[in-house]
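Structure record follows, encoded as structure tokens.
A quick note: this is a predicted structure, and the numbers were derived from the prediction, not measured. Just so it is clear: chains get the letters A, B, ... in the order the sequence lines come, proteins before strands, and each one is counted from 1.
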Amino acid sequence: MSSQEKTEVLNGAEQSLDREQRYDAQRIESKWHQRWQQQPELYRAEPPTSAGKKYYVLEMLPYPSGALHMGHVRNYSIGDALARYMWMKGHNVLHPMGWDAFGLPAENAALKNNRPPREWTLNNITNMKRQMNRLGFSYDWSTEVTTCLPDYYRWNQWFFLKFYERGLAYRRKSKVNWCPECATVLANEQVVNGCCWRHEETPVEQRDLEQWFLRITNYADELVRDLDKLEGWPEKVRTMQRNWIGRSEGAQVDFNVADSRGKITVFTTRIDTIFGATSIQLAPEHPVVSKLIANDPELLTRLDELVAEQRAARDAGALGEAEKHGFFTGRYAVNPFNNEKIPIWVANYILMEYGTGAIMSVPAHDERDYEFAKKYDIDVRIVILPRRHEQSEEKEPALPYTAMNSLLINSGEFSGLGNEEAIQRMTQFAEEKGFGKRKVTYRLRDWGISRQRYWGTPIPILYCDKCGIVPVPERDLPILLPENVEITQQGGSPLAKVPEFVNAKCPKCKGGARRETDTMDTFVDSSWYFYRYTDAKLATAALDSRAVEYWFPIDQYIGGVEHAILHLIYSRFWTKAMRDLGLIKNAEPVERLFTQGMVIKSGAKMSKSRGNTVSPDDMVSRYGADSTRVYSLFAAPPDRDLDWQENGVEGVSRFLAKVYRLVMKYAEFSSKAPSSPSAAARDLERKLHQTLRRVSTDFEGRWHFNTSIAAIMELVNAITAAEGQISSGGIPAKQVSSTLRTLVLMLAPFAPYMASELWQTLGERSQLLRESWPKFNPELAREEQVEIPIQINGKNRSRIVVPAGLDDEEVRTRATIDDKIRALLDGKEVVKVIVVPNKLVNIVAR
RNA sequence: GCCGGGAUGGCGAAACUGGCAGACGCAGCGGACUUAAAAUCCGCAGGGCUUAAAAGGCCUGUGGGGGUUCGAUUCCCCCUCCCGGCACCA
């Protein structure tokens, strides 16, 4: 380059500095926002016939509470980055969004503001959609799903009818969890520490009500087994579901009641200890108890007390804390294995809802039974010993001794067996003799879906005096939720007070009938909404099987871990039920699940009640959507909790401003690259490819976008540092400009507004989203020289610079002739030299 | 009690397979530019000791204690604290 040309380049730089504009996020973002609003097809997926490889990325749909919170922003920033990356990788991307729009807050708000829930909800949706669009999320709104609208919830009703036909939906009277605050029933999953999942301070009460249930327990076994296949799910979530389902293999054994024809069936996982059973323990609510003690008024009173006490403890969520106690019924049962008569007790630590509500008590080998037996002086009989005890039988193990891998003693013909084998043999024995059988028990209960609320899907059932329970015929769907219903939150289901709704004609006998006035749990809505996205406008069916087959399973689902049990287990159940209806082929809805961490501020989860929330609107108006999004990805890895620090957002904003300035400055340079690139030019090129490698592997692997963004910042720093070399001709301005071009592509998934603006500044007219993700060249990313430390006995003593990949022998030689090292080794004996290629040299010396 | 996850500078964090601890950012300090400030740019920065100061040198350091190894934030054992889930589930 001639000196005159150099001067021109410099002048060019000065000029572009002159017309440098400050990064104005609001200006850029409103410009592109307007543009994107006019291009609704921008984020639309190709139809299922498309040849491209599909990618379905889904974020959990929000409840339209009124405004987005930072947790949403984080969730959707992760999903949006991924969606945009996948687009740039050439995938056919489905990236939908919708609204989990039924639910109690709408009724509370209606009560407070005297506006209909529908209006309140739809207003909230408008506002939150505005926020999402302002944040620049790439949703295809043509597939939007709003669960409170009849074109969606009619299919809830349709599914319900299908489930009813197949016996998967049924009605029974049962004890239910009742939240006085919500004035409705809760599913087991919605009870947290004995309190309502929405009202953490409100204890749940037990009530007896006629309820509709979905038979999720039919799928209990498959739900557990398939967890093993969900390798793309966090182990934590799989464990939580496994525990929740609580599959436990064991046996049922019948004990005859002495002096009676009755029998008591117990469930045990440790039939190998049955010779150690010294009592039977019954749940206070066990139906047989009142029969056993029918002619003892005193005991009946004590029973009532015990039942009341257990219920109170259950209501208070303190079941595990109550001291164990109970009473002897005066009756005996016969152990079928040894015909021994053992006393029958009633105890507060036995739960009617698990197993058979009755156990054989083996104090020597069960912690709870031991505690109880000690209190009431019930026999403790040891029937298993640790294997090592074989020889020295006088020494007893510490009680209670519950370990497996032990040996049976005092157990008749089964003595001497290992307990694993004994379980098999003794269960078989019981089966052959007809007093017992193999049994698998689950903790999981059927899913109660009846809610005594207005703002939900009406359950499509009629009650006819003549015909009984009559399902609404399919052709009569949807059963519309009536408008203008008075919400009082008292006196049961609001719909029951709407005669036009309640009174109906029986489709069978044409006589009068009453409609079911309960509505469905809103978790029904979210159990299958992601299928609807694949053909959201379809009017003739819940879904189009071919579309589902193309798009499913969901490649990546992203949301909070708080849904690990409720939503994610219901969704899996619904998918299996849909498969059994022949609607779909996949057995699982979600291939990969990602659970992001919480957003924390000042050491606590952001929440209104703590008053430590940060408003996304506020952040966007102060720093812009790009800065808000980039910060939410930069501040912590997505799976960890994120501590919100506002000056961190400011830092990100500064970084974006720097990128903006650089691009403005170098956009139009096109001087030719010199024929033999300088070392500085090669360094910059290397840094670029290292950055590309970092960002690309983060997307493909562990999703640590914080390190991706840090790498891009490093590249920016490298460009700034290289600026001095431009005027001297060491680095062509053209190279800087093309480096920046690639940098803009890398920034596109994180800061779409800024990236689009700069793309245009760089003279590109194409749609950024349709550009290919830049490829890194491993050759160019490779370091040529490495500086490695030389250690003596593990301590850094010197450093040398060597060509990368230099032969170990040569590295060793160069290390040992280093001046500092030679001086330090003087008078010492070198025992060993370890050379770690390109990393370090460690000399072990004495 | 059981099952997960975590603890690294003043702060958020990085170190991916046992190999240079603290990348990147925030806050801080010093300097340049400016009448001044903002913005921007350059530089310093784990802690301690040594030194008049600096350069340099030395020691020490990833919650605590032990171990394996030439070498440990990383692997093993024990312990503490924090977060999440489950919790009389037979």
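- Atom CG of A:Leu656 is separated from atom C1' of B:rA39 by 16 Å (rounded to the nearest Å).
- Using the six-membered ring where Trp is involved, A:Tyr23 and A:Tyr660 have ring planes that are tilted, between 30° and 60° apart.
- The cationic atom of A:Lys324 (NZ for Lys, CZ for Arg) lies less than 6.0 Å from the six-membered ring centre of A:Tyr349 and within 45° of the ring axis.
- The side chain of A:Ala635 sits closest to B:rG12 out of B:rG12, B:rG19, B:rC86.
- Residue A:Ala710 has its side chain nearest to B:rA23 when only B:rC20, B:rA23, B:rC70 are considered.
- Nucleotides of RNA chain B nearest to A:Glu650 and A:Gly794 differ in position, and the one nearer the 5' end is that of A:Glu650.
- Looking at the side chain of A:Ile834, the nearest of the listed nucleotides B:rC70, B:rA23, B:rC88 is B:rC70.
- The aromatic rings of A:Phe699 and A:Phe750 lie parallel to each other, their planes meeting at an angle below 30°, with 60° marking the opposite boundary.
- Across the interface with RNA chain B, nearest-nucleotide mapping of A:Glu787 and A:Thr441 shows A:Glu787 to be the residue nearer the 5′ end.
- Here B:rG56 sits opposite B:rU50 as a Watson-Crick or G-U wobble pair (both hydrogen-bonding atom distances under 3.5 Å).
- The side chain of A:Gln791 lies closest to B:rG19 when the candidates are B:rA90, B:rG19, B:rA13.
- Taking every side-chain heavy atom of A:Arg661 into account, B:rC41 is the closest of B:rC88, B:rC41, B:rC70.
- Rounded to whole angstrom, the span from the CG atom of A:Asn243 across to the P atom of B:rC2 amounts to 14 Å.
- Rounded to whole angstrom, the span from the NZ atom of A:Lys236 across to the C1' atom of B:rG85 amounts to 6 Å.
- With rounding to whole Å, A:Lys839 atom NZ is found 21 Å from B:rC70 atom P.
- Put simply, CG on A:Asn706 is 8 Å from P on B:rA15, counting in whole angstrom units.
- Rounded to whole Å, the separation between the C1' atoms of B:rC20 and B:rC70 comes to 16 Å.
- The same atom, P, is picked in B:rG48 and in B:rA72; the two are 25 Å apart, to the nearest Å.
- Nucleotide B:rU80 forms a Watson-Crick or G-U wobble pair with B:rA7, both donor-acceptor distances falling under 3.5 Å.
- The existence of a salt bridge linking A:Arg311 and A:Glu285 is confirmed by a sub-4.0 Å separation between a basic side-chain nitrogen and an acidic carboxylate oxygen.
- B:rA72 makes up no base pair with any nucleotide shown, lacking Watson-Crick or G-U wobble contacts both under 3.5 Å.
- For A:Thr239, the side-chain atoms get nearest to B:rC3 when compared with the rest of B:rC3, B:rC20, B:rC59.
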For the pair A:Trp345 and A:Phe327, evaluate ring pair (Phe, Tyr, Trp, His ring centres under 6.0 Å) and give the outcome as yes or no after the intermediate values. CA-CA 6 Å; A:Trp345 286 65; A:Phe327 59 85; 8.1 Å; no
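- Both distances falling under 3.5 Å, in either a Watson-Crick or a G-U wobble arrangement, occur for no nucleotide opposite B:rA21.
- Relative to the side chain of A:Pro637, the nucleotides B:rC58, B:rU40, B:rA14 differ in distance, and B:rA14 lies closest.
- Proximity note for A:Arg640 (side chain, C-beta onward) versus B:rA14, B:rC26, B:rA23: the nearest is B:rA14.
- Taking the O4'-C1'-N9-C4 or O4'-C1'-N1-C2 dihedral as appropriate, B:rG6 has a value more than 90° from 0 and is therefore anti.
- In the set B:rC20, B:rA39, B:rG57, B:rA39 carries the atom at the smallest distance from any side-chain atom of A:Arg22.
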Chi angles and distances behind the side chain to side chain contact (heavy atoms under 4.5 Å, CB included) call for A:Tyr570, A:His563: CA-CA 10 Å; A:Tyr570 293 145; A:His563 294 110; over 6 Å; no
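- Separation of the C1' atoms belonging to B:rG46 and B:rU8 is 10 Å when rounded to the nearest angstrom.
- Taking every side-chain heavy atom of A:Asp643 into account, B:rG12 is the closest of B:rG12, B:rA13, B:rA15.
- In this structure, B:rG28 forms a base pair with B:rC44, meeting either the Watson-Crick or the G-U wobble geometry with both donor-acceptor distances under 3.5 Å.
- The gap from the P atom of B:rU73 to that of B:rU62 amounts to 7 Å, rounded to the nearest Å.
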